[in-house]
Each structure stands twice: as C-alpha cells, then as structure tokens.
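So the structure is just underneath, and the comments pick up after that.
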Amino acid sequence: LGGRWYDRYVEGNGEKLPAGIGTGPVLDPNREPKTGLLHTLRAIFDSATAFDNTPVNIWDWTPAVRDPSKKRVTALTDAPPRTTIDFATMETLSSSTMNPLASGARGYEMFITAHPMYGTARGPSTATVTESSVDTYNAAVELGLDGPRINLIKESGDGERMVISSFACDDGKVPYIHSFGISANYATIVLMPLRLDVAALNRMIELGFLRSLEHVDYTRVVLVELATGDVVLDETIDEKVYFYHTISQAETVDGNGNLVEVSLRLCGYDVPDQLTGEDQFMRLERCRKGPEWRNRIHPGGKFCDVVCNMRNNDVEVRWNDEIKQGFELPVTRYSRASDGEFPPTIDPLNRQAHPRYVYAFGAYALGSRDYDDFGLFKFDMHTNSIAAYYQRDSAYLSEPVFVPDPDGSDEDDGVLLSQVYFGRERETRLLVIDAKSMEVVAEVSTGNRAPMDFHGAWIPT
C-alpha cells in the first residue's frame, strides 16, 4: 500500500524500502543477504511499527452494511495483522497494527491467518442486521507461558474479539497456518508439517520466513464445534499435506440427521517445495533472472480433501489426480459472501455439498512447459475437468474474484474480476469475465503498470 505511513517513512529515511522480514533473503546494494543482530532488530521494528506491511488480503468486517461511511475494512497479513483503510478514498489510516486483545486470550497473538471466514448472520434479513450481525472467524497462533497455542477467534463487525476455542501445540513449536475451513457447525484447522523456531530470528532474515521453517513428520487435523468451542476430533496422520489456501468445507449427514463426515477441500501439495523450496514462487530475486529460472517453480496445487470421519473418529486424505492442471488462488461463488444480500441467497454455510465450480489462477497453462503461460480456469468438480478457461499470451493474471449476478439462480451466474498485466502493452487492466463461459465481457484500462496481486475483495455498497 502506497499510503501516508509508507510515504512518511521514505521521506524520513531516504530509502525505497525499509528493512523487513520477507519471503526471500533481504539483499544489500551488492545483492548479498543482509545479516546481523542490528538488521534483525531493525527489520522487526519496521515491520511492526512504521511500515505498511505488504497486505495479503482485504477484509470487510461489515458485509451487511451498505453505507460506505460505516464500512470497516482492513488490509490483512499474517503478522503484523492489519492496516486500516478509508473505504471512500482507499487511503491507509494506520501503519500495520496488532490485533486488539481477544477476550479469553492467554498470551501474545503472534500470527493469524490472512484468510478469515464469515460465520452465520444473526439477523434474519438485511433490513434488521447491524454492523455486528455478521461474525468473522479466524485461526491464530498465540505464545504464552505454557507454550504456543492455536486459538479460534470470533470477531464481530464492531471489533469485539473473543477466543471460542483453544488447544496446545503438541510439540511445543509454532506451526504456520495460512487458512482454515468453516461450515455451518464446525471449523477445521490443519497444521501442516512445518514449524517455526522463534529463537532463530537471524535465520529468518537470511532465508526469509517460509524457507526458515523446520519440517516435522506428521500432519495434525483438529475439528472444532462452533457452538460450544469443543474440540470434537484431534488426529495426527502420517500423510504430509501442504497448502496455502482452503477452498470449501462440507458437512455430510445420514438419513437421521446424524453427522457422518466433515470434508475440507483445499489446494494442496504433497511436497513442501511451493512453501519452503529453493525455487518457490516468491523468490523474486531468482525469478527475475529469466524464464529458465521461473520454469523451476512448482507446477501448482491439486485438489485435496481432508475428511474427518465422525463415525470412526479418524481422518482420510483424498487427492484428486484426474485434474492435471496445477492451480493457485482458488475461489468459488461463496468464497467471499455476498450477492448483494447477507446471508447470501444461497448460503454457503448451510450447504452439505462442496460447490460444483472452482475458479483459479494457474501457471504452465494447458500443459505448457513455461511458467510464464498463465491462465484462469473454471474447474467442474462433478466431471473433474476444466469446463472453460481464459488464456492469452503475455497476459499475467491474478486471483479471480466472483461477483454473483443478483438476478441469477445458477451457481455460476455472475462475473469474475481479475487484475491482469498485459506484458506487450505494458499496462495493467481489470478484466470482467463471464463466469459461465470465461469470455471477457468488459475491460478497464488503467494506463499504469502494477504487479499481480494475491487476494482482493469485491465490496458492494
């Protein structure tokens, strides 16, 4: 964010970038990694105070509110978590700030995912809901006297935060959680086989946060009942599941209404290369060297279901090997909530099945051997195929954001918004793509260049 806090920092320090904790090593003018205790302390101070830490996501805490002047919107990162935004001007109103203390917290909230999830609205219709009618849930890592814990936190639209469930990290180490799953009655938190050594701060600066993570030999799956906060399943499995982004969560019941399973669908990897590898996609100092370096990047995730079997109290991992196209940044019609109403006309939290269609960005498009061949894909999970796609040479796409058609009835009635950098024209444009056919229906020129983004939001008013 090029906001007032960042501008003030640059003006006062005469530097283009403050020292920070990045995904790759921080380089000095000779392109060598900066190391040492002084740099480490400065990077931590800058990241936590004076610098608008690079936002990963945009979140609307008040989706039921249509008055722009009453909107509460923030840019989110894993740590420090949030920067306040003026919704009318998109100006940043604060530096990166820590989250307000949650009721029931026992220690310091070190990390929280950049992907909150909406809970069920308490108001029966948009005519009666208030700013606090829609709750947001998130999973956080807390450091306390008894070691690291995972907290499931609920936050109201007016900013009241409370811990509704908490459990200890069994190995005493800090896990990395980028996203989690939620459905009508349960939240699923999957702890990948990666841990952070909080004492090795200099290693984090030298290698970058992700590459400094240590590996363990198991995946832990925890299922929390939202109404009570009880942990109803806590299983450790030998199979290793790595991921950034969850897609959807479904609850299956039998003919008597008894819960059979809770299934979390995600964009998964069976190896950690996309997170901790030497050639992971955010190693910008390597990617910029040329296409031969970018072609070392992992081909992308594949569909993976982490299934909690409530009859046997066990966990099964189901990989989908039929869809060959790798992908990232998956979204569905329900990923963000809202078709102009809240709860949405088709409420994702009451669905017993996963959405049929998943939209995602993918490199190495359509079997290409070149990472630079980007595409946007519409995956049909009923046929395990690519139903439609958008792909153009030298068009570098970002995450698609689904905007439902208020007059539509089908799951794919709506459009996708994607920021695209057109390399030949050297211009960034906003594409509006028909979600049924994946054909472009509108194109907005900006006259500027901008990098691809990770996550965005469409916020109706």
Side-chain angles (χ1 to χ4, degrees), residues 23-24 54-58 76-78 113-115 176-181 190 192 194 209-211 241-248 264-277 279-284 286-287 293-306 319-321 323-332 335-336 355 357-379 381 386-392 395-402 416-421 431 433 438 451-457:
T23 54
T54 305
V56 175
N57 200 2
I58 302 294
L76 303 179
T77 53
D78 300 284
T113 88
H115 295 277
Y176 174 57
I177 309 171
H178 188 75
S179 61
F180 69 109
V190 178
M192 292 183 286
L194 298 173
F209 169 71
L210 291 172
R211 289 173 59 235
V241 179
Y242 304 93
F243 66 100
Y244 287 107
H245 302 114
T246 61
I247 300 172
S248 58
L264 174 62
R265 179 162 293 168
L266 47 83
C267 170
Y269 321 100
D270 52 13
V271 293
D273 297 11
Q274 193 71 313
L275 289 94
T276 62
D279 298 305
Q280 64 111 296
F281 71 104
M282 287 188 286
R283 290 293 305 279
L284 302 184
R286 294 165 69 94
C287 291
W293 287 82
R294 294 191 289 278
N295 288 343
R296 301 179 184 184
I297 297 174
H298 189 275
K302 56 184 178 180
F303 290 99
C304 173
D305 290 353
V306 178
W319 296 93
N320 185 330
D321 293 318
I323 298 175
K324 304 301 182 183
Q325 174 67 52
F327 66 95
E328 310 289 347
L329 310 176
V331 299
T332 72
S335 294
R336 302 290 188 271
Y357 299 112
V358 177
Y359 301 86
F361 150 85
Y364 303 102
L366 305 172
S368 170
R369 296 185 178 183
D370 292 326
Y371 176 84
D372 291 353
D373 289 335
F374 287 14
L376 287 183
F377 299 95
K378 177 184 182 180
F379 295 106
M381 303 309 297
I386 297 174
Y389 63 89
Y390 170 87
Q391 198 274 330
R392 299 291 184 275
Y396 304 102
L397 300 123
S398 299
E399 176 196 54
V401 175
F402 196 104
L416 302 174
L417 304 179
S418 181
Q419 174 183 286
V420 184
Y421 176 63
L431 294 189
I433 298 173
M438 297 300 288
M452 68 170 288
D453 65 76
F454 288 129
H455 307 289

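Computation of the quantities below employed the complete heavy-atom set of this structure, encompassing side-chain atoms and omitting hydrogens, waters and symmetry-equivalent molecules. The first residue of the sequence shown is numbered 1, and numbering continues consecutively from there.
A perpendicular orientation is assigned to the rings of Y244 and Y176, their planes being inclined by more than 60° (bins at 30° and 60°). Ring-plane geometry between F374 and Y371 is classed as perpendicular, the angle between the planes exceeding 60 degrees on a 0 to 90 degree scale with a lower cut at 30.
The closest side-chain heavy-atom distance from R294 to D370 is not below 4.5 Å. Within the 4.5 Å cutoff, side-chain heavy atoms of I433 are placed close to those of M438. Side-chain contact check for L329 versus H455: some heavy-atom pair is nearer than 4.5 Å. At least one side-chain heavy atom of I386 sits less than 4.5 Å from a side-chain heavy atom of Q325. Residues V306 and R265 are not in side-chain contact: their nearest non-hydrogen atoms beyond the backbone lie 4.5 Å or more apart. For the pair Y269 and L275, the minimum side-chain heavy-atom distance is below 4.5 Å.
Listed for the E399 side chain is no donor-acceptor partner under 3.5 Å among the backbone atoms of S418.
Annotation: salt bridge (Lys or Arg N to Asp or Glu O under 4.0 Å) contacts of K302 (sequence neighbours excluded): D270, D321.
Residues T246 and S179 come closest through the heavy atom pair N-OG, 3.0 Å. Heavy-atom minimum distance, C287 versus I297: SG-CD1, 3.8 Å.
Partner F379 forms a ring pair (Phe, Tyr, Trp, His ring centres under 6.0 Å) with one of Y359, Y357, F327 and no other, that one being F327.
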Item to check | Candidate pair Q274 and E328, rule side-chain hydrogen bond (donor to acceptor under 3.5 Å, both in side chains), full reasoning | outcome: CA-CA 10 Å; Q274 193 71 313; E328 310 289 347; 2.9 Å; yes

